[in-house]
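Below you'll find the structure, written out as structure tokens, and then a few comments.
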Amino acid sequence: MTEKGLLLKVYEALRAAFGCRHWWPAESPFEVMVGAVLTQNTNWANVERAIANLKQADLLRPAAMAEAELTKLQALIRPAGYYRQKSVRLKRLAGWVARRCAPADEGLKALRGLPLDCLREELLALKGIGPETADSILLYALGQPVFVVDAYTVRILARHQLVARDSRYGEVQSFFQDGLPTDLELFKDYHAQLVEVGKRYCKRRAPRCQDCPLHPVLGAPTLEMELP
DNA sequence: TGCCAGGCCGGGT
DNA sequence: ACCCGGCATGGC
């Protein structure tokens with residue numbers, strides 16, 4: 001068990017280096033949800049094109065997306081890749097939201113009121129929504145305090161030997177949730193900071209992460225811990 | 001030019 | 001219960 005303050009010290013170092021990340025970049029909670037699906041194993045720049053297309057077509061609303069023609073949806077989100085799978089996933093998610101929220105409920109208040117466990121279970125029951133996508137939606141769209149774990153998170157922690165390389169999602173999530181105060185804004189920005197570290201210093205093949213702001217806190221990774 | 005990106009599912013061991 | 005191939009586009 002890591003001592004209580006380490007994860008906070010890590011956060012302070014990242015925050016000092018990068019500033020507040022202001023995540024998730026979106027104009028509405030539903031746009032966050034859509035982005036969460038579109039960004040599955042996909043570069044965010046490609047996701048932005050797809051979202052712009054959806055916005056242009058006025059399909060960035062739950063009911064409209066749920067009823068949209070599948071082939072039309074596919075054409076619009078094509079730049080985000082995996083477009084055949086993602087079109088189906090988006091329609092399922094949009095249908096779920098549309099069933100729960102009135103069209104005028106743009107803040108998705110009807111969903112925000114429900115308990116976390118219930119929401120997470122229902123999201124995970126939708127095919128195409130796994131743990132990371134569900135938690136991104138819970139945290140950034142619905143304001144629930146869950147810690148989001150992604151590939152960068154595991155890679156960064158594994159390279160510093162804070163978790164095993166083959167850890168399960170829940171283990172890494174507990175590592176953060178047990179080592180931090182339960183704080184919505186902290187969870188939001190912490191994950192965003194980790195993604196920033198990942199993009200800059202912790203790519204899959206990157207043999208080393210020089211100048212990474214984590215090193216003063218955690219020490220530099222050694223050669224043994226490099227590759228995935 | 002291949003490798004990579006803010007995963008997830010289904011089939012085979 | 002794990003392991004692996006498939007899914008697809010665009011940037012460097």
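Below, read A as the first sequence line, B as the second, and so on, with proteins coming before strands; counting in each chain starts at 1. Every value quoted in this text rests on a predicted model; they were computed, and no experiment measured them.
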Examine B:dC4: is either OP1 or OP2 under 4.0 Å from a nitrogen or oxygen in the side chain of A:Arg205? Give yes or no. yes
Indicate whether OP1 or OP2 belonging to C:dC2 is found under 4.0 Å from a side-chain N or O atom of A:Arg168. yes
Where the side chain of A:Asn46 is defined as all heavy atoms beyond and including C-beta, which of C:dG11, B:dC9, C:dT9 is the nearest nucleotide? C:dT9
In whole angstrom, what separates A:Arg165's CZ from C:dC3's C1'? 18 Å
Between A:Asp58 and A:Arg61, is there a side-chain N and carboxylate O pair less than 4.0 Å apart? yes
Using a heavy-atom cut-off of under 4.0 Å over every strand shown, decide if A:Tyr82 touches base, sugar-phosphate, or nothing. base
Could you please name the option among B:dC4, C:dT9, B:dG7 that lies closest to any side-chain atom of A:Arg204? B:dC4
Short question: side chain of A:Glu171, backbone of A:Arg168 - any donor-acceptor pair under 3.5 Å? yes
Rounded to whole angstrom units, what separation is found between the CD1 atom of A:Ile51 and the P atom of C:dT9? 18 Å
Please report the distance separating the P of B:dC3 from the corresponding atom of C:dG5, rounded so that it comes out in whole Å. 15 Å
Classify A:Arg21 by what it touches in the nucleic acid, base, sugar-phosphate, or nothing, heavy-atom distance under 4.0 Å. nothing
Could you check how far CG of A:Leu38 sits from P of B:dC8, rounded to whole Å? 13 Å
Just by distance, do the side chain of A:Tyr152 and the backbone of A:Cys202 share a donor-acceptor pair under 3.5 Å? no
Got a donor-acceptor contact below 3.5 angstrom from the A:Tyr140 side chain to the A:Lys188 backbone? yes
Does A:Asp150 reach a base, just sugar-phosphate, or nothing at all? Heavy atoms under 4.0 Å. sugar-phosphate
Distance check: side-chain N/O of A:Thr39 vs OP1/OP2 of B:dA5, anything under 4.0 Å? no
Within the 4.0 Å heavy-atom criterion, would you say A:Ile129 contacts the bases, only the backbone, or no part of the nucleic acid? sugar-phosphate
Toward the 5' end of DNA chain C, by each residue's nearest nucleotide, A:Gln85 or A:Asn43: A:Gln85
I'd like to know if the side chain of A:His215 and the backbone of A:Gln210 have a donor-acceptor N/O pair within less than 3.5 Å. no
Interatomic distance, A:Tyr152 OH vs B:dG7 P [rounded to whole Å]: 8 Å
Can you tell me the distance, in whole Å, between the CG atom of A:Leu90 and the C1' atom of C:dC7? 15 Å
So, are A:Asp135 and A:Arg120 salt-bridged, with charged N and O less than 4.0 Å apart? yes
For C:dA8, which nucleotide in any strand shown is its Watson-Crick or wobble partner with both distances under 3.5 Å? none
Expressed as a whole number of angstroms, how long is the span from A:Glu132:CD to B:dA5:C1'? 12 Å
Would you indicate what A:Lys86 reaches in the nucleic acid, counting non-hydrogen atoms under 4.0 angstrom: base, sugar-phosphate, or nothing? nothing
So, OP1 or OP2 of B:dC8: does either fall under 4.0 Å of a side-chain N or O from A:Arg92? no
Give me the distance, rounded to whole Å, that separates B:dG10 from C:dA8 when you measure between the P atoms they each carry. 14 Å
A:Ala134 or A:Cys202, whichever maps to the more 5' nucleotide of DNA chain B: A:Cys202
Determine the contact category for A:Ala45: base if any of its heavy atoms lies under 4.0 Å from a base atom, sugar-phosphate if only primed atoms, P, OP1 or OP2 are that close, otherwise nothing. nothing
Gap between atoms CG and C1', on A:Asp135 and B:dG7 respectively (whole Å): 13 Å
Out of B:dG10, B:dC8, C:dA8, which has the shortest distance to the side chain of A:Asn41? C:dA8
From CZ of A:Arg84 over to C1' of C:dT9, roughly how many Å is that when rounded to an integer? 12 Å
